[in-house]
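Notes follow once the structure below has been shown.
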Amino acid sequence: MTRMRAISISVLASSIGFPISCGSNSNPAVNATGAQSAPASTPTIEVTKVVSRKLGITVRLPGELQPYEAVAVFPKLTAFVDWVGVDRGSVVKTGQLMVRLVAPEIAAQRGEAESKHQGAIAQRGEAEAKLASEESTYERLKTASGTPGVVAGNDLEVAQKAVEGNRARLEAARGSEKAAKAAFAAFSLSDAASRRAR
């Protein structure tokens with residue numbers, strides 16, 4: 001209890017002493033004796049007129065420009081660049097012609113594809129004619145075999161197998177014709193696109 005009383009007295013004394021020590025008179029016009037001295041002179045401030053001028057300091061700093069968008073463009077075939085219609089940084093639209101390429105070997109490949117297509121058409125026609133001939137032979141032999149002893153059973157089987165083989169050849173010829181037609185059409189589309197671009 002006495003300890004609490006001692007702490008409270010010391011806190012009370014410090015709280016009274018602090019404002020007294022902080023309350024010193026800071027007025028320079030009043031000296032230690034309490035008499036006022038002569039008033040201090042007014043400070044002088046220089047004023048200048050604001051004038052617009054160019055900066056005389058130039059600072060050169062290295063920098064790097066980066067685009068908002070970057071798109072990598074690759075050709076579908078190997079060719080020489082014939083014409084460039086846009087420059088770096090140009091904004092392009094979908095479908096806009098940017099570069100015209102020239103590929104002399106493409107013309108040779110197109111001619112080869114056209115030749116293969118024509119050859120496949122000819123092979124299909126030949127296979128159809130051979131199948132029609134074999135079917136006709138088979139039908140005659142089948143009709144003749146209705147009379148006992150006129151046609152051997154083996155000959156009829158050989159004719160039937162020939163018809164089946166020619167049907168398979170015809171289907172293969174049709175498949176190769178479709179493949180050759182697709183290859184030729186691919187060259188025709190690229191050729192039509194290059195003509196439109198010109």
Side-chain angles (χ1 to χ4, degrees), residues 59-198:
V59 178
R60 293 185 183 201
L61 300 172
E64 181 180 347
L65 298 175
Q66 294 184 348
Y68 292 116
E69 288 185 59
V71 178
V73 179
F74 299 99
K76 290 185 178 180
L77 50 94
T78 305
F80 300 104
V81 176
D82 182 44
W83 171 82
V84 178
V86 294
D87 198 6
R88 288 182 181 167
S90 299
V91 178
V92 295
K93 298 175 183 173
T94 303
Q96 179 181 347
L97 182 65
M98 297 188 306
V99 177
R100 184 178 301 135
L101 303 176
V102 175
E105 61 272 1
I106 295 297
Q109 291 175 357
R110 183 180 185 277
E112 181 183 353
E114 185 176 10
S115 172
K116 284 183 179 178
H117 182 235
Q118 294 299 325
I121 290 172
Q123 284 179 352
R124 180 187 49 84
E126 182 182 340
E128 284 175 346
K130 188 144 181 142
L131 176 62
S133 171
E134 291 294 335
E135 281 179 338
S136 175
T137 303
Y138 173 68
E139 289 300 322
R140 286 189 192 128
L141 286 174
K142 189 175 177 184
T143 305
S145 70
T147 306
V150 175
V151 178
N154 188 33
D155 290 341
L156 189 59
E157 284 182 29
V158 168
Q160 183 181 6
K161 296 298 179 190
V163 168
E164 290 172 3
N166 282 324
R167 279 193 185 132
R169 265 189 229 106
L170 178 61
E171 288 304 314
R174 285 180 179 157
S176 64
E177 181 190 0
K178 282 183 183 177
K181 184 177 182 180
F184 178 63
F187 281 107
S188 296
L189 286 175
S190 64
D191 191 38
S194 67
R195 283 184 192 150
R196 268 185 281 141
R198 291 177 193 162

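What you are looking at is a predicted structure, and each value in this text was computed from that prediction instead of being measured.
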Could you work out, with salt bridge (Lys or Arg N to Asp or Glu O under 4.0 Å) as the rule, every residue matching [X], not counting sequence neighbours?
X	result
R169	none
E126	none
E177	R124
K178	none

How would you list, by chain and number, every residue that makes a side chain to side chain contact (heavy atoms under 4.5 Å, CB included) with [X], sequence neighbours excluded?
X	value
T78	none
A168	none
R167	L131, E135, V163
V91	none

Please report the interatomic distance NZ(K116) to CD(Q109), rounded to the nearest 0.5 Å. 10.0 Å
Quick note, salt bridge (Lys or Arg N to Asp or Glu O under 4.0 Å) partners involving residues 149-163, not counting sequence neighbours, are K161-E164
Okay, side chain of S136, backbone of A132: is any donor-acceptor separation there less than 3.5 Å? no
I'd like to know if the side chain of S115 and the backbone of G111 have a donor-acceptor N/O pair within less than 3.5 Å. no
List the atom pairs, with distances to 0.1 Å, where a side-chain N or O of residues 59-70 and a protein N or O form a donor-acceptor pair under 3.5 Å, not counting sequence neighbours.
none

Applied to residues 80-95, the side-chain hydrogen bond (donor to acceptor under 3.5 Å, both in side chains) test, sequence neighbours excluded, yields none
Contact summary for V86 and V84, nearest pair of heavy atoms: O-CG1, 3.2 Å
Locate the shortest heavy-atom distance separating F184 from E114; write the atom from each residue and the value. CE1-CB, 3.4 Å
For residues 144-154, please give each side-chain donor-acceptor pair under 3.5 Å, one per line with the distance, not counting sequence neighbours.
| from | atom 1 | to | atom 2 | distance (Å) |
| --- | --- | --- | --- | --- |
| S145 | OG | L141 | O | 3.4 |
| S145 | OG | K142 | O | 2.7 |

